Amino acid sequence: MYTIGTIGSGSVGTVIARLSIRAGHSVVMSNRRGPNSLVELVQAFGPFARAATAAEAADSADIVVVAVPLSAYKNVPVDRLRGKIVIDANNYYPDRDGHIDELDTERMSSSELLQRHLPTRLSSRPSTTSPPNTSQPSRDRTVPIEVPSQSPVTPRGPKRP
Ligand SMILES: NC(=O)c1ccc[n+]([C@@H]2O[C@H](COP(=O)([O-])OP(=O)(O)OC[C@H]3O[C@@H](n4cnc5c(N)ncnc54)[C@H](OP(=O)(O)O)[C@@H]3O)[C@@H](O)[C@H]2O)c1
């Protein structure tokens, strides 16, 4: 059993949390407004879910899913992510995120932008990444999957019956 941290607990973070619990893992969920705003949600998920700050979620998780609007990527708590498996769900939508020059000019992808901010290597890109100036995500320039053979992940958390 692993502990999955969600940085961002909107549509994507909530689905990741639900599926993770269903698969036998525990989750630590975080958002921008703080743990109190997630109390009802984690209660509905049961004993294997709890709410925390983004820093605590990153700290206590084995695997961290970043699912925030791309405009917030610089707020991802990098110090707590060193050596962790980090999964990037973010997409770039200029209308929502504001224009980011590196992405508009295709010098890098949204995952490469997040990677530049992180102290650890992004482990995978689960879904899609957005080309600039479109409203439709596509599979361009994904960051390759790379899980170290000596994975730092050791399953933690309460034992299930
Ligand atoms: N929805 C999809 O089908 C889908 C599919 C693939 C990828 N994506 C991408 O995945 C990302 C998340 O999408 P979403 O639909 O889940 O968005 P969403 O429903 O708007 O949720 C965004 C979450 O990020 C949190 N957040 C914002 N700033 C934060 C910060 N500085 N620190 C911690 N949490 C922060 C928000 O917290 P508050 O609620 O407190 O504001 C909220 O929980 C986006 O980049 C999106 O493009 C979405």
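All ligand and atom numbering here is 1-based and tracks the order in the structure. All figures in this text were calculated on a predicted structure; none of them were measured in a lab.
Here R96 has side-chain heavy atoms under 4.0 Å from ligand 1, and that is the only part of it that gets that close. Of the heavy atoms in N75, only side-chain atoms (C-beta onward) come closer than 4.0 Å to ligand 1.
Counting the atoms of ligand 1 from 1 in the order shown, those under 4.0 Å from a heavy atom of A72 are 28 (N), 31 (N).
Looking at Y92, its side chain does come within 3.5 Å of a backbone N or O of I100 through a donor-acceptor pair.
When only interatomic distances are considered, the shortest N/O to N/O separation between G10 and ligand 1 falls below 3.5 Å. Some N or O of R32 is nearer than 3.5 Å to an N or O of ligand 1, by distance alone. Backbone and side-chain nitrogen or oxygen atoms of V12 are examined, and one is located within less than 3.5 angstrom of a nitrogen or oxygen of ligand 1. The N/O atoms of S30, backbone and side chain alike, include none that comes under 3.5 Å of an N/O atom in ligand 1. Close N/O approach between V68 and ligand 1 is found [any backbone or side-chain N/O within under 3.5 Å]. Between A89 and ligand 1, a contact under 3.5 Å exists for at least one N or O pair.
In the hydrophobic clustering of this structure, I63 does not group with V28; members are Ile, Leu, Val, Met, Phe, Trp, Tyr whose side-chain heavy atoms approach within less than 4.5 Å, directly or through other members.
Just one residue in the list L118, I7, V78 forms a side-chain contact (heavy atoms from CB on, under 4.5 Å) with V86, and that residue is L118.
Distances shorter than 4.0 angstrom occur between a heavy atom of S9 and an atom of ligand 1.
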